[in-house]
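Basis for what follows: all heavy atoms, side chains included, without hydrogens, waters or symmetry-related copies.
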Amino acid sequence: MAEHQLGRLDFTREVIGRLHHWDRDLDGAWFGVVDYVVPRVGDIRAGKPVTCGLVPAAALRPRAPHVEDTLRL
């Protein structure tokens, strides 16, 4: 990793987010309204929070269930 890249936003990584709802555009394409954090290169603690950002449906997938999720009744 080049020194000049440290601290820049990294859009190549998969991140966890919270889907609020779905919206459609004029052409019928679906977008998720999502909260997530874009990580920074070289610093896993810092990032750029995005609140209610529009994300194309093709870029979203369901979160894998955790053990805690399966224990809830």
Colleague: Quick check: closest heavy atoms across Gly47 and Pro49, and the distance to 0.1 Å?
Modeller: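 That closest heavy-atom pairing would be O-CD, 3.4 Å.
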Colleague: Would you say the side chain of Asp35 lies within less than 4.5 Å of the side chain of Cys52, judging by non-hydrogen atoms?
Modeller: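 A side-chain contact under 4.5 Å exists here.
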Colleague: Only counting residues at least two apart or in another chain, list the ones meeting salt bridge (Lys or Arg N to Asp or Glu O under 4.0 Å) with Arg61.
Modeller: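 Checked Arg61 against salt bridge (Lys or Arg N to Asp or Glu O under 4.0 Å); matches are Glu14.
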Colleague: List the residues meeting side-chain contact (heavy atoms from CB on, under 4.5 Å) with Val50, not counting sequence neighbours, and say none if there are none.
Modeller: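 Partners of Val50 under the side-chain contact (heavy atoms from CB on, under 4.5 Å) test: Tyr36, Val38.
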Colleague: Name each donor-acceptor pair under 3.5 Å that joins a side chain in residues 25-33 to protein atoms two or more places apart or in another chain, with its distance.
Modeller:
unit_1: Asp25; atom_1: OD1; unit_2: Asp27; atom_2: N; d: 3.0
unit_1: Asp25; atom_1: OD1; unit_2: Gly28; atom_2: N; d: 3.0
unit_1: Asp25; atom_1: OD1; unit_2: Ala29; atom_2: N; d: 2.9

Colleague: How long is the straight-line distance from OG1 of Thr51 back to CZ of Arg18, given to the nearest 0.5 Å?
Modeller: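 Going from CZ on Arg18 over to OG1 on Thr51, the span is 11.0 Å.
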Colleague: If I compare all heavy atoms of Val15 with all of Pro39, which pair ends up nearest, and what's the gap?
Modeller: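 So the minimum-distance heavy-atom pair works out to CG1-CD, 3.6 Å.
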Colleague: Compare every heavy atom of Lys48 with every heavy atom of Leu9, then report the nearest pair and how far apart it is.
Modeller: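 Nearest heavy atoms, Leu9 then Lys48: CD2-CB, 3.6 Å.
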Colleague: Is there a chain of hydrophobic side chains (I, L, V, M, F, W, Y, each step under 4.5 Å between heavy atoms) that links Phe11 to Val41?
Modeller: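 No; tracing contacts between hydrophobic side chains, which count when under 4.5 Å, never links both residues.
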Colleague: Shared ILVMFWY cluster between Leu54 and Leu60, side chains joined below 4.5 angstrom?
Modeller: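 Leu54 does not cluster with Leu60.
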Colleague: How long is the span from the CZ atom in Arg8 to the CZ atom in Arg40, to the nearest 0.5 Å?
Modeller: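 So the CZ of Arg8 and the CZ of Arg40 are separated by 11.5 Å.
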